[in-house]
Each structure stands twice: as C-alpha cells, then as structure tokens.
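Below is one structure, written out as structure tokens, with a few remarks after it.
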Amino acid sequence: MTEVAAPWSGIVLAGRLQRGGGALLRFARGQPLGAAGMLIVLLFILAAAGARFIAPFDPLTPDYAAMMTPPSLSHWFGTDDFGRDILSRIIFGARTAMLVGFVASFAGATLGLVIGVASAYFKGWVDSTIQRLLDVFMSFPLIVLALAIVSVFGSGVNNVIVAITIPMVPRCARVVRSSALVLREVPYVDAARALGFSHSRIVFRHMLPNVVAPYLIMLTSFMGQAILLEASLSFLGLGVQEPTPAWGLMLQGGAEQYAESAPWMPIFPGLAITASVFAFNLFGDALRDVLDPKLRV
Amino acid sequence: MNATQMASPAQAQPVLLDVADLRVHFPVSQGIVFRRRTGTVKAVDGISFSIRRGETLGLVGESGCGKTTTGRCILRLTPSSAGSIRFEGRELGALSHRALIAVRRKIQVIFQDPYSSLNPRMTIGQIVGEGPAVHRLTRNARQTEARVRELLGLTGLADDVYGRYPHELSGGQRQRVGIARALSMNPMFIVCDEAVSALDVSIQAQIINLLETLQREFGLTYLFISHDLAVVRHISDRVAVMYLGKIMELAGSGELYDHPRHPYTQALLSVVPIPDPDVESRREPLLLQGEVPSPLNPPGGCVFHPRCPLATDICRRVVPVFRDIAAGHQVACHHV
Amino acid sequence: MGSLLEVRNLKTRFYTQGREIHAVDGVSFDIQVGETLAIVGESGCGKSVTALSLLSLIPWPPGRIIDGEVWFLGENILDFDAERMRRIRGKEISMIFQEPMTSLNPILSIGRQLTETVMAHSDGGQRAAHARAVEMLAKVGIPEPARRMTQYPHQFSGGMRQRVMIAMALICSPKLILADEPTTALDVTIQAQILALMKALSVETGVSVVLITHNLGIVARYADRVNVMYAGRIVEQGVARAIYAHPRHPYTSGLIASVPRMNEPRGRQRLVPIEGQPPDLGALGAGCRFYPRCKYRREPCRTNDPPLREVEPGHWSACLLTDLEFDPAAGS
Amino acid sequence: MLRYVIRRVLLMIPTLLGVAVLIFILMRLIPGDIVEIRFAGEGGGVTEEMMAQERSRLGLDQSLVWQFVHWIVGIARFDFGISMWTGQPISYEIGLRFGLSLQIAIMATLLATLLAIPLGTLSALKQDTLIDYAVRVFSIAGLATPSFWLGILMILGFLIFFQWMPPIRYTPIWVDPVANLTQLIWPALATGYRYSAVATRMTRSAVLEVLREDHVRTARAKGLRERIVLVRHAVKNALLPIITVIGLEFAFLLGGLVVTEQVFNLNGIGLLFVKAVGNHDYTMVQALVMLVAMVFIVTNLVVDILYAWIDPRVYYR
Amino acid sequence: MNWHRILNGLLGALVALGLTSVGAMDVLAQKRGGTLVMVVPDEPPSFDGHRETTFALIHPIAPHYSVLVRVDPQEPASGDIVGDVAQSWTVSGDKKTYTFKLRRDVKFWDGTPLTARDVVATYRKIIFPPEGVLSARQAYYLMVDAVENPDEYTVVFKLKFASPAFMPALAVPFNFLYSADKLAQDIHWYEKNVLGSGPFKFKSRSPGANWVGERNESYYRAGQPSLDGYEAIFASKESVRVQAIRGERAHIEFRGFSPAARDDLVRALGDKITVQESTWNCGLYVVPNPHKKPFDDARVRRALSLAMDRRGGSQFLSRIAIVKTVGGIVFPGHALAPTEAELEQLEGFGKDIAANRAKARKLLAEAGVPQGFKFKLHNRDVDQPYKIVGTWLVDQWRQIGLDVEQWVQPTGPFFKVLRSPAPQEFDVSIDFNCQTLINPTLDVSLFISADIGKSNNGKYIDRVLDDLYERQMRESDPARQKALLMQMQQRLIDQGHYIPTLWWHRIIPHSSKVKGWKITPSHYLNQDLGNVWLEE
C-alpha cells in the first residue's frame, strides 16, 4: 500500500472538513479527544458570549458582607476578597481570555503567515533580512519579550494583546515559510507561472490558501499559549487590571495571599485556565493530526 | 528505412522553437556571512535543437541528465545562463515583461505528478478557467464556464467534475484536468514533462491517446520529456537523447531506435526490457558500468567516457562535436 | 522441483476511516524451489500487501490478515508466534524494498545494518558477522567493501544502496527473496545492472525469488511464472511465455495491449487502453471486479464472481468467458 | 566541522547585535528612567537637580548612540558594565544567581527527558489505545497548567497537609545537597512538568513517524528482535526532533523561570530580570537579555552539533 | 461553618492578645542569644542610608549604625526625640544654635572611637554633599548654616533661621553616623561597604537573597544587643513572606502584612503569633487633575470625595487592605488632629453616605457631567494598599454613576506621570503622603501651591492654602494651630485638590518568640534591633 503522502494531502482533508456536518461527525469519531476539546472550547465561548445572562452575580460589584465566603449554594465557587462571586468572575473572565486568545493568536498567526509567505516567495536578500530579524525576535524568550513590551506600552487589554502577539509572529512565520518554500517548488505554482499570472495572484491565490494547514495549526496552538501568557503577565502584575475579571489576575494578589484560608480563590481560576488551554490543545492536536501530521509545533 | 522515409508532414512546417547552445548553470555557493562561489552544477551544458510546428520532439535520458531543466528553461521557469531560445523566431530572453506574457500563453506545460500539479484548494472549474479569465480570453464568467466545459469535454472528462476538487478525482482524471488547463490558453506548444510517467499503464495509454488526438486536432507541437523510451518512441517524431546536460544523439524516432549510433543510446536501448518473453529471450542487454557522475564535477572530454565501452584517449581529452552524420541524424561521439 | 512456499486463500484487510479495504482478497499461489515468480499488477492491486502478508509485516493498526495459510517447509507460518516468525524473517525469507533511499536506516552504518542481520540469526560473534558482511558486499559488486562498511547510506548512490539491500537480503542465505519493485526507483541502466545481479545470484545460490513489479518488460525478461493481480485478486496465473502469448483474462490482454513497445515502429498507431478506473477496494460489489472495464463483459459477469480456473495445464484464469469469446489479439 | 562551528559563531554576531539594538531601544522607551524609580521611595524629598546629577553620574545624559556604542564596546570585551541599580558589576550579580537558575533548568531537563522518552515511546507504540490517551491527556495537561499555579498549589499543599514549607534560604548543592534539593526539587518539578509534556508529545509524534518509515519495516523484515527495532531503529532515529525540542525548551526555560522563581522566591536570574525591569536597571536588563539570547543561540548550536553527531546525513561544510 | 464569625472573633481576640503580650513584655527578663530572621520585601540598591529613601535599606542595615538622635525606642509611637550618640543637647535662645554633647564610649566596630569629627563629616555629607554625591533629604536642612565640632565630643549646628522642622530632620533614621576617615578616603565608600557603631556588625550578604548581621560585642549600650545576630531574607512577593512566617522559616516582617494574612497566620499558628498594630503615618489620597475637564470644576472634585463611604470602607477594607483609620490631613490621634466629632462635621466624612452620594450626584449634574462618564484612575502597580483601594474606589464612584477604569503602572512610570509638570496626563490619580516622624506642621506642606512646594501633584495654585500654611507654621499656640490646620482641611475639601481616602494601617504579626520590639506609626523607625530579644 503506497499511500500518497504529499504535504497537501492535509489540505485535501481540510477541504473535506469544510463541507458538511458529516465531516464534523467523522472528525469526532476519528479524534474523540479533539472533539471533546472542541466541545469545551465551545462551552467557554458560549460562557464568554452569554456572560451577562449566565453569570449569577455582577462580577464587579463588591459585596462587603460576603468577603471570602467558601463555596456554597449561592456562590458555587465562593467569593473573593471583595466579596465578588468567583464563578461570575470566571464566566466574565472567559471574555478576557477568549478575546486575548483569539485576537492575539489570530493577529500573530496572520502576520506570521504574510511574513512567512513573502519571505519564501521573494527569496534572496528579502528572505535573509527577514530571517535575521526573526532570529532576533526568536532569541527573546516569549515571556521576556512580552514583559518588555508591556513595560513599554503599559498594561491594559490592548497592550497585553500586542505583547502576546509580537512574540508569536516569528514562530508562525518560521513554520509558514518552510511550508511556503516547499510550495514554491510545487508544480501547480509552476503551472500558474507558466500561465503568466502576476506575482500577487500567485502569492494570494495559489500559495496563501495552501499554507492554511500550518496556519490553522499554529493558530490553535497559539490560542492556548496566548491564554497562558496572558495569565502569566497578569500574575506578574502586567496584564489587564482590576476590577476587570481576568483569570490570571484572579490568581494574583489576594488569591495568593489568602490561599490558605480561602483556597477556592486560587483553585477555581487556575482550573479555568488549565481547562481552557487544555481544550484548545486537545483540539489543536486533533486538527494537526488531521491536517498535517508531519508538522511539529 | 532511413531518415527521409521517416519524414513526417511536419518536416515541411516552419521551425517553431529553436534552441541554440543553451546552458543552465547553477552556482554552488558556500559561506554564510560572505558567500562565494565554489562550483557550478552544469545542469544543461550547451544543447541545440529545433522543433517544427506540429511536430513532437522526444527528450529522453536518465534522472539528472538535464531534460527537465531544459523544459523549464523553455517555459522561463528557470533562467538560462547562456544560449538562445527562439520561439516563432523571437528570442524569449529579449522580450519585455508584457511581451513575454503574450508569448508565454502560447507555451504551456503538463507536469508529471497529477497530485501536485493542481491547486488543491480550487475547483476543477476554477483551475481550468483561471487562465482564460485572467488573460481575458473570455469576456465574462458565463463565457469562461462555457469554455471550461468545452475543454473538459475535449479532454474526456465528465461534465460533473466542474465543481469538484482535485482530490476527488483519480490520477488519470487529474492528468486530463492538467491537459485541459494547458489547452485553455490556446497554446501552440506544450512541454510534456514526464506527463504520463506517474500513471499506471492502462491509464497511461488513455492519456497518450488523448495527447495524440489533441495534437492532430489543434496542430499542437510537443516537447515530450520522459525517461520511458517505449513511450517516447510511440509518441515522438524525433528523439533527442541526453546525458549529463548534453545531447548525445538526435534523430527521427525510427532511425534512432532501429539504428542507434551513439554507444550510450545503444546501451540505453538494449537495457530496456520489452514486454514479450520471446523477444527478450533473444536480446542481450549491454550493461553499462558504474553510474552517472555528478553534474557538479562532470568528467572532462566526452562526459560519457568513463562508462563508454568504446572510450579511447581522445574521449578523455576532447569534447566531441555534436554533428550531422546523416540527414536529420546528429551524434556527439568521436567514434561514429 | 517442489513447492517451497504455498499461499492459500490469503486475505488482508485495512481499516481506515470506518472503511474496510479488501486489499488482498483470497489469493493463492505457490513458489517452486529456484524459480522466479512475478506478481504483476497496477498500483493498489494488492501485490505489495501480499508480499508483506507472507511475513506478517502488516502493521496493526490499520491492517490485518484475516484469513489464509502460508505453508513454508511444511508449516503454516501464519500460525507462528512473534518469535518464531522473527526467526523466519531475514533468515529463511528476506525482502528487498522499492526505495533503497528510505529502506536503509540513515543513521546506522552500512556495516552495522548488515552485521545486525547476521547477529539476529546466528550465535556467531561480531567478527564472523563482519567478515560475512564484507564478503556479501563484494559479492554484490561493491568496490572496496571493507572501507564502505563504515559508511552511511547517504554516501551511496541509488544503485549501490540497492546492492546493499540485496546483500542484506542474501546475507543469511535465505531460501526465498521477496523483491518488492526492486528497481522502480532506479534509472534504466542501473535497473538493468541490479536485475542482472539478482538473476545471477539467484542462479548461483538457488534462491527462489518473488518479483513484484508493474513493469511488464521486466516480467518478460526475468520471470519464469507470472501472477497477474487485479483489485486484490489473482486474475491470471501461468508460465510467462504462455501468458504473454495467449493471455486468457481480458485484464491481462488489455494490459499488454496498452503498453507501448519500443521494438515496434511508430506508425502512429493507437494504443488500446483499458477504459475506466480500478474499483474502490472499500466498496466492492458482487460479480467480477473487472466487469465495469471489461470489453467482453456479459450479463452473468455482473453478479458472478469468477474463481481462478485452469484453462490449460499450468495456466489459470479467473474469467467466465472461454477464450473463444474474446480476441486476445485485439490490443496488440 | 570546526569551520562550521566558527561560521555559526560568527553568524551569532548579527543576531546578537539585533537583540542588543532591540532591547536597548525597548528599555529607553519605557517611561520613567531608573533615577526616577530610585527616588520613588516613600521617604524622600528629591529635587530635579539631584535627579539630573544622578543621571549624569550614570551616563544617561549622553546621547543614545554614545550610550549604545559604549555598551556594545564593553560587551565585545566581555564587560557588561555596572548595574545601574546596585552599582555592582553585572557579571558579579549574574554570577551569583546563574548557578541556581541553571541548576533548576538542568534538573527540569533531566526530569523531563527521563519522563518524556519512555512515556512518548509507549504512547506511540500503543497508539489510540487507553494508554496512549492517558499519556496524551497527561502531557496536554502539562502544557495547560501554568507552572506558577502548580507552584502555588504545591506550597499550599505542603503547608496545609504537612505543616511544612520548602526552605527559603538557598544552599549551594556542594555545601549541602539535601538542603539544596529540598528547596529546588519543587520548582524543578513545577517547570519540568510542562517541559516533559512538550518533550513527550514530540517523542510520541517522532516515534510514530519513524515507526511508519520504510527502514523500520526493513529492520523487522530482517528478523531483528522487537526491542532492537524499537531502540536502535525507531527511538534513535526519533531522537533528532526530540533533541531539538529539548534544546529549544531548555533555552526558553531560563526565560520561563521568571514566573516560577517569583512563586518560590528563588534568587535566580528570572527574579533578577523582573526586578531589573521593575527598577529600569537598563544595563542589567540589557545584559540579561543578551545572556538569555546567547544561551538560546548556543543551545541551538549545540543541538545542531548533536544532530551531526547522531545523523551522519547532516553534512556541514 | 460560618467563616465570617470565626474570622471576626479571631480578630478581636488577637488584637487583645497582641496588646497584652506587648504590655507583659517589660516584666519578663530579657534573654540573650538567638538569631532573628526577618523577611524584607525588597533589597537596598546601595548601602548608603544618606542616599537611599527606602525602608528596604533601613530594615537590614539600620542595626549596623548609631545615629545622633532618634525617636524614643521605649515609646516609639510618641514621636519623642531622645539621644543615641548624643548624650545631651542645648538650644540657644534664638533657637538658631544647637549644641550636642556626645557619648565617649562609642566605637566603630573596627575599634576606632566615634567622635564629633565623624558626626560632622556625616552631617556635612548629608547637608552639603560635594559634587557627585547624592543626599536624598538635603532639602530638609535648608535652615542649616554650618556644622562644627569645637571639641572632640561636641557638635554644633548653626541655623540660618529658627525652625521647628530642624530636630525632626536630624532624627531621620537614615542619618547613619559614618567614619570621617572612611569618608575622607572615598566619599562613596559607604555605598558598597558597611562600617558602623550600632548593635550589630555586618557578617555577610548574598545579593538578592539575604543580609546577615552578628552581635557587636563592643556596643556601648550595656546588655545590648540580646540577639546573637539577625538575618534578613529578601522576598518580594507578599505571599512568600506570609508563607515564611506561616512555615516558621522567619520570625517577623517589619513593613506590615495585610489583615487577611494576619488572620490566616493567627488561625494557623494560634498563640505562636503575636500581632502588633498601629495607624500608619501614611495618608492615601486621590488627586484629580485640575487641568483636565471635567476635573477643572471643583464641584466634580468634591463629588469624588462625597462618593466615598469612608466609614464603610474602614470597616470592610480593613479586612483586606492595610488601611483603616478615617482621618483628614493630620495624623489621626495626634493632638493637632480633629476629634471624631469635628471630623464628622466635614463634608464627606459624615455617616450618612446616602445623603453624601445624593449630593455628589447633584454636584455632578450641576457641573454637567453625564451619567456613565468614563475616566481612568491612575494607580501604582502595588497591591497593598494601592490596587485594593483603587478597586474599592472604582466601585465607590460607580455608585454615583461614574464609569472608572484603573490605569495601573509600575512604580517608575507611575511617578513619572504623577509628578510630571502641569498639565498632567492622568484624569485622577492615587497619591500618598508618607512621613517618617509624625509632624503635622511639616507633613501638610504637600498641599501648598505647586510653584512654592513643588511636591503637590495636582499642580494647582491656591494662595489661600499657602497663607494658611504659613500662618500655622508660625503659630506657637497649639489650639490656634489646630484651628488653622482645620481651615486648611476645609479649604482642601471645598476645592477637592487632595481627597483623603483612609489612613494606612500597619499590622505586624510576628512570631511570639520576638520580644522587645514595639510597633511605630512608621516602618522606618525603631529598627536598630538593639532592644529586641528572642524567647526560644
């Protein structure tokens, strides 16, 4: 049995995935873990979207009569040092997490996609210049770069997103570039050149859509990483700020200080982070298995 | 049988493509900070041939002999280092960008791998229709679709493949799509780069027949690049045999196969098994010693001399001239 | 000559994406001592899977041998446990694969890969294994064998790598070699060298060879007997000369007719292809598997799956038609 | 090979220079300079004149280009200068802390490797079985658990259940190995878990891929024992990507310790970095970033050399 | 289980406990020996007290040095100044000449005696630093004309004009006495070295990790120190410091813990923990930016103050933040501070919060500020008490229809923005006024016009305030001085220039083994550890 193991076989499957719910079912059967991940991600997205309707309490209003109450029927996950309902804050925190996760990973992966494809297509000095620049950014550890950027631009959701996005760009660009380099030599790109198409048409119509597999894989893997990074930055006091409900923020400050008398304060937000990142990774892994098993992220 | 008897109708036609002393050299560089050239791969090293309108020229040789590079060079996918390629009398290298696009339309290509030569994210209709639409050969979407459906019909594809994706088709069908795409530009000249090599024999025969039909119908000219000597003989009017970037022998196909003159051609023909045990039992293959040397460091003199049973001292020193030994029969060998 | 190996009703299936692929579906044949038996067919017909099944090398998941017997020296080796099967592999029956580039471990020296084979099947020491390896390399025509023992696969050319594979296959003096498309990846001049070498060695050592190929020319040149496979079945079986001269199955005749021949003048005559596509092995209907593409199909062929029957002594065909009902010369 | 190494080392220069420019600019962009922070304490009345005087003492009144050139020239002579905050030589400050961070990094690496290779291989061999799922869930959970959170939970667990907490005073391992390990094993575990998760996943996918390769089939067809097939032919070939990922993670680890060292109050370079950023200690932050970048690049080089050692195909001219 | 009730019960119990143990302490005999382990939130940048301004220098380094005068360690909360190396002093009639007589038994631990020459060299470095030497509190000594040593054990300070601020300035705990010889050798020597005459000698340090001191056997105070030594361990995260006390890896942290941490420790360790608490001499303020709309309108600024439920905040915030006491601009409890009754009369300090908020809404409406008006509260990236109070403020203002977001910045950028010249960047910022010695007369200098005082961060000009300030400075009658301060307070409330929130509250839960140490309203004071001992 000599199966055709071409790099684009992944895309073929992606094409299949695009059509019909039957494909979704097949995905679920082939990748039960991935489907479970997708379900959890969906739950978080729903929580984020419908936070206003789902959350039992206002996440911002302090209730000084209920400071640090343990989990109970009215406060399932207990309350924090301001008496705010932790469950509600986690539900609203999903907004911050999903916002940061989606926007940062989308922006990071997309920028990386464009840079990677351009770098591969133009070769020569453009490529080597971009490569050196990426080298520079790659040699900064993720958290260090993010830390420096937040220090420069200040904290707040938008800046945190920027800080998380920038370190992701070179990572995605690397992967996309190597895929695009392969693509550059693929016969259908040659055929497009033989048909006399312009550079932009070749890049946008023939190359870009075909690095979608690594792009999607990077994208999903970034989502988990973005949420983790946001939590780490918040933990260092550099993320979003009180009273905005955000998971990393909920782990910092009071949660740490009062961990012993109010263990629910650090435990539940931590679980929320772990569960969401876990789900994103499960889903991302399954996606990688389906799209491009050879790609390593 | 001699060469003149083999003359096909194409003989009377004007020359469509003329390649003279074409060279493609790839520099091999070293150094990361300061790059310097340390060697040259002579993928194609001074070849000349011409193709007349309506004719099929077969280009055969073993892997790495430069046949594919030659084809890519004619398609302007790989730049040439020296020499000229004239198409309809015009030097391709001298054309402006705009003029090149116009000429390029007339030269199309069919690739070997039917899996990788079609963009997996486009439907068959888009793949075939893109060229005519972009180059305004059709005026609107409706015309484009009609044109695509016509081409699909011509290449023997069912009408329902129009909206499907390449992965939904079989290898043979995909190769037909590749042919339809090439035809969509109303080309005069098609480079078939190992166009049937990846197909199973039963499918291969279908495609060969299709190529022949189309040639007759549209007066196409083919450069048929292949390592399969049997297929080349079947489809070509004339055949050129390449070895290490050079043409060793070029002749009408009957002449070349029945009366090969170059020792390399002779050996090559002798080792190809013929699917007939009776014939085979009477043949004795001429086994060549050793393997093809690296094009990075080709042997001096005649490039074939290290493996040539006839090699003498002159072969080691002097590059043999590619010369006529009979009408339409050229050989590069000191001993012919 | 006696039967070295007998395959009876071998069935191997693959299970992917909820589908069951009938890759090999009831194949039976035998191999005589010292002969070269060809299995010929187009891609996906099950010829490679057949070879791998003989040595239980089908990876699970996704594949599994679900039925059949492989009798070797009086024993059904499909019943063997893993350890007994291991002792057959490489020692009694060895294999040569298509891609000499990927079939050798890129990060082990050639010497190591040869000696480990010897060591796996003998109690002799490293020294004896080394000597045997050098001897085999010399035998397959590799110059300076002792020096090349320390080199790695990437330092060898394609032809040389395939010679190494042959040396590796023969190093334990097996009784049978399964050669799976041994020359497909090579250029014709090298292909000829390798096949000639294999032929010479098989004559010299008396080893039987199963030659798996899609190239009808190679079959014609090297095989004693031929099995033609189509869609997981053997559709025709017999002596090579008989099959080429008088194919008794429409598929075989179609195949032969669709191959351009180098020894025939050009004349612009048309090839006769087999129209259509091979069937999907995951969705087979009743009836003859070649039915949809068969020029001579009749109504009974649609519903009746023809068994392999002996149409003349030593010549078997799986077709309901008698040879009067189709004209084998139609394609040639 | 030697020439290759030399060339790679030369190639480090432009990258490091780029890193230098980037961090230099980033630091100057942060609002509020070190002098401002220095006098931000709750007990002072500081005048502009004093601040100007301090700036000039630190050379901050010079032009940026001069400052940059001065700094780079120093680095070229392996002189990282003086910490603007403490006034001590940076090499001294880093030297004090590097050992601790390095020890945690090495311990985490060992832990991760020892866990990852067997687990990943097992998972690959038992693909799509319960064992595989368990390993995958375990490793994905490792990726998903913030190491600082794990650290908090660890300390919390110790305090509540054992009324114990790890020592907060660092003892070098050569002074008292037991005291050293009781302190450092926990942060090593907290970071090593994530690390092992990354490596396990890579091992799994690499082994899976190698198992599908032709030469493994050849090895089986030769009648090699399964153990030999697995160790000599599958795992050894799969080592290449595993080494890459372990190397990369090792380089990243030094950065990742930033958060873990906070939780465990370890006086390592991660904590130093956070403090230096907080204090806007330009020279210190710059030096640390250069150091981490250097470790990253050197690790990559070492990985590449290991590659060549394992894989003879890799040919460095 | 009702956590609340338990916590509240514990709270009451432990305050009582803390007080009794402090009281009982004097009765017990001091024991010698033992090493005190303290955790310190930060590390000193240099070792030179004259140069630095942080408590992080005081806690590990103050035990090494003697000072000229200091706050009475027996009654540190009183703010009374007593001599350390100074045995006695006299003030001339015009209050312009101060003459100090020194003890003759003081020696640096290298054996050299500490004489007037050293004291003069020290104070000259502080008051008249040479070029390139930084003296953080130079501005405190504008009244000093000269420092002289007429004989070996006499030091004379000559002032340009009499000032009540002079003695408190001398008693600043950063004024370590240095060796004149060392300073003559290298004026920067003390930035990287330690040589003092205090109760403890320097033993070792590991940057970023710890600082170790050992008993100075030749310390001049008989019987002191009791401890064999001390170790300061640096830990920047509060949770780590709490855990260190919790895990009994350290005895004490001298800056102050949050109330919740105190409750945790008491609950977990019971009577192994002693708690000392005090109002902290730090006022936490809100500064609106009067150069930015709508905060240029005094009514809006007043509304910000009116919205704060200071009484409720005191009750609830004091359980999670280091703030507690409701007060004005004068340290609560000081003689010059308003009484509770007087305080309640002030706008925004009354008990009827609903009325206050109604008034606030009205003021906002009058000023044309729409409901849901958005602005940013500029805050410092420090949890205690800044971010917690910030979060509380956001909620308070939400209740009068303002939509506030916190703009939290690390310390550096925070001060950069806060102290920038007008017009500043922030809408409303948190600010604070932390002083070492309690001296209301001086402390309120923060509020004088920007062109005179330079340290007010609203950068406003208010001549009424300046006038009141000048008058209270010159007033010698306490009652009238208090009245003037009250007028200043009223003026600030009317104008809303600086809005008091709550006073800081210092909470030190420490191992019950630690004896002899008494809490002060400042974490800078009373830190030489000479009188501290451990009961093992």
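In terms of heavy-atom pairs under 4.5 Å with chain B, the best-connected choice from C/A196, C/P143, C/G276 is C/G276. Chain C forms more heavy-atom pairs under 4.5 Å with one residue of B/G290, B/G171, B/G172 than with any other, namely B/G290. Counting heavy-atom pairs closer than 4.5 Å to chain B, the top residue among C/L216, C/I243, C/L255 is C/L216. Note: B/S202 leads B/S170, B/S202, B/S63, B/G64 in heavy-atom pairs under 4.5 Å with chain C. Heavy-atom pairs under 4.5 Å with chain C were tallied for B/A205, B/G61, B/A267, B/P275; the largest tally goes to B/P275. The residue among B/D278, B/I274, B/V292, B/I207 with the most heavy atom pairs within less than 4.5 Å of chain C is B/I274. Of the listed residues C/V259, C/L195, C/N215, C/V188, the one with more heavy-atom pairs under 4.5 angstrom with chain B than any other is C/V188.
For a residue to count as touching a neighbouring chain, one of its non-hydrogen atoms must lie under 4.5 Å from one of that chain's; by this rule B/E62 touches chain C with backbone and side chain alike. Using a 4.5 Å cut-off between heavy atoms, B/L286 does not touch chain C at all. Contact annotation for C/Q191: only side-chain heavy atoms (C-beta onward) come within less than 4.5 Å of a heavy atom of chain B. Heavy atoms closer than 4.5 Å to chain C are found in the side chain of B/L287, but not in its backbone. Only the side chain of B/I208 comes within less than 4.5 Å of a heavy atom in chain C; its backbone stays farther off. Using a 4.5 Å cut-off between heavy atoms, B/S270 touches chain C through its backbone atoms (N, CA, C, O) alone. Within the 4.5 angstrom heavy-atom criterion, only side-chain atoms of B/V279, from C-beta onward, approach chain C.
The one candidate from C/K47, C/E181, C/E42 that meets the side chain to side chain donor-acceptor pair (under 3.5 Å) condition with C/H214 is C/E181.
The pair C/R221-B/D276 does not meet the salt-bridge criterion, since no charged nitrogen lies less than 4.0 angstrom from a carboxylate oxygen. Checked for salt-bridge contact, B/R238 and B/E255 miss the test: no charged N lies under 4.0 Å from a carboxylate O. With respect to B/E55 and B/R52, no salt bridge is recorded, no charged nitrogen being found less than 4.0 Å from a carboxylate O. Using a cutoff of 4.0 Å between basic side-chain nitrogens and carboxylate oxygens, C/E204 and C/K139 are scored as salt-bridged.
Side-chain contact check for C/K199 versus C/T36: some heavy-atom pair is nearer than 4.5 Å. For the pair B/Y243 and B/T265, the minimum side-chain heavy-atom distance is 4.5 Å or more.
A cation-pi arrangement is found for C/R148 relative to C/F156, the charged atom lying closer than 6.0 Å to the ring centre and inside a 45° cone about the ring normal.
Taking both residues in full, the closest heavy atoms of C/Y244 and C/A220 are given as OH-N, 3.5 Å, listed atom of the first, atom of the second, then distance.
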